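Let me begin by presenting the structure, written as structure tokens, before commenting on it.
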Amino acid sequence: MASSKVGSIGEYIREQRTRAKISLRQLADVSGISNPYLSQIERGLRKPSAEILQQIAKGLRISAEALYVQAGILEDREADTDVQAAVRDDLLLTERQKQVLLDIYASFLKENEAAGIFPGGDAEPEVGGDAAESEVAARAAERGRAGRVPDAPDVPERAMPEHTEHDGKEEVG
């Protein structure tokens with residue numbers, strides 16, 4: 001007898017397939033799984049392996065992780081934000097593009113957390129100074145150290161040669 005987890009993965013795959021507006025036969029073709037076997041998975045008669053789930057995910061252009069969680073192979077992680085869900089559900093992005101976008105988004109969240117920026121754009125108040133000014137100063141110092149945008153050297157004006165034009169010719173003096 002099929003367990004409830006097996007049935008739920010099949011139902012989930014069928015739901016994702018109908019959302020993507022592809023037939024069972026089309027999914028079988030693009031995922032490289034036989035049509036009868038895929039039908040048995042959807043009906044809850046077969047429990048797919050992780051490799052089969054990965055092929056199905058590729059055919060559906062969804063995250064294999066989502067199928068692993070649904071099948072009970074992976075533990076469910078914390079709920080996605082709207083941004084994460086939108087990226088994962090976007091059918092126009094490849095799995096690699098989705099992962100890159102999610103990694104960038106996660107790095108922004110970590111950066112905001114480290115800076116004390118909370119949901120809604122509120123920053124934790126700093127004692128003895130404006131948080132925005134100190135953040136800008138810290139970033140400027142970091143850019144200078146990293147060599148990405150070095151600060152211009154402090155050179156007195158008189159040490160710089162003067163450029164003048166006489167009769168269309170440039171002279172340095």
Side-chain angles (χ1 to χ4, degrees), residues 3-33 38 41-44 47-150:
S3 72
S4 62
K5 253 320 184 196
V6 174
S8 67
I9 185 62
E11 292 168 11
Y12 183 78
I13 291 169
R14 178 179 288 140
E15 180 184 314
Q16 294 302 311
R17 181 176 58 77
T18 55
R19 276 187 182 180
K21 295 182 171 80
I22 60 175
S23 70
L24 186 67
R25 187 173 308 239
Q26 289 171 320
L27 179 57
D29 288 343
V30 295
S31 63
I33 300 169
L38 189 55
I41 291 170
E42 282 194 359
R43 290 183 289 143
K47 182 178 180 181
S49 67
E51 292 81 17
I52 296 294
L53 288 173
Q54 186 172 15
Q55 289 175 263
I56 292 170
K58 187 176 179 181
L60 290 171
R61 299 183 76 179
I62 63 172
S63 166
E65 183 180 321
L67 290 182
Y68 295 158
V69 168
Q70 196 68 31
I73 295 172
L74 283 179
E75 285 187 28
D76 200 3
R77 54 181 164 55
E78 63 186 56
D80 281 348
T81 64
D82 289 342
V83 171
Q84 292 165 321
V87 168
R88 283 193 174 92
D89 291 342
D90 194 320
L91 298 175
L92 299 176
L93 299 173
T94 66
E95 286 302 312
R96 169 121 171 83
Q97 291 168 333
K98 290 176 185 181
Q99 192 55 55
V100 169
L101 285 172
L102 292 170
D103 290 346
I104 291 169
Y105 181 71
S107 73
F108 286 154
L109 293 179
K110 282 182 185 175
E111 183 179 312
N112 288 349
E113 183 181 345
I117 299 173
F118 299 102
D122 297 329
E124 196 171 56
E126 281 189 18
V127 179
D130 181 27
E133 287 178 8
S134 63
E135 178 70 18
V136 169
R139 289 187 188 280
E142 184 179 310
R143 281 194 307 269
R145 280 194 303 274
R148 284 181 253 144
V149 183

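Keep in mind the model is a prediction, meaning the values are calculated, not measured. No hydrogens, no waters, no symmetry mates; every other heavy atom, side chains included, goes into these values.
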Nearest non-hydrogen partners of Glu15 and Thr18, listed with the distance: O-OG1, 2.9 Å

Inter-residue atom distance Asn112.CG - Phe108.CZ, 0.5 Å rounding: 8.5 Å

So how far is it from Leu53 CG to Tyr12 OH, rounded to the nearest 0.5 Å? 11.0 Å

Quick check: does any side chain N or O of Gln55 sit under 3.5 Å from a backbone N or O of Ser31, one acting as donor and the other as acceptor? yes

Is atom CG of Asp82 surrounded by more than 12 heavy atoms (other residues, nucleotides or ligands) closer than 6.0 Å? no

As an exercise, state the distance from CD1 of Ile117 to CG of Leu109, rounded to the nearest 0.5 Å. 11.0 Å

Considering non-hydrogen atoms only, spot the tightest contact between Glu42 and Ile13 and give its length. OE2-CG2, 3.9 Å

Test item: Arg88 and Leu102 side chains (from C-beta on) under 4.5 Å apart, heavy atoms: yes

Can you tell me how far the NZ atom of Lys58 sits from the CD1 atom of Ile33, to the nearest 0.5 Å? 11.5 Å

With rounding to the nearest 0.5 Å, note down the distance linking CD in Gln97 to CG in Leu101. 7.5 Å

Answer with yes or no whether the side chains of Ser63 and Glu65 bring together a donor and an acceptor at under 3.5 Å. no

Quick check for you: to the nearest 0.5 Å, what is the distance between Ile56 atom CD1 and Leu27 atom CG? 6.5 Å

Test Pro48 against every option in Leu38, Ile41, Leu67, Ile73 by the side-chain contact (heavy atoms from CB on, under 4.5 Å) rule and name the one that passes. Ile41

Is it true that Lys98 and Glu95 make a salt bridge, defined as a side-chain N closer than 4.0 Å to a carboxylate O? yes

Gln16 versus Leu60, closest heavy-atom pair with distance: CB-CD1, 3.8 Å

If you define the side chain from C-beta out and look only at heavy atoms, does anything of Arg43 sit under 4.5 Å from Arg14? yes

Backbone N/O of Thr81 and side chain of Gln84: donor-acceptor pair under 3.5 Å: yes

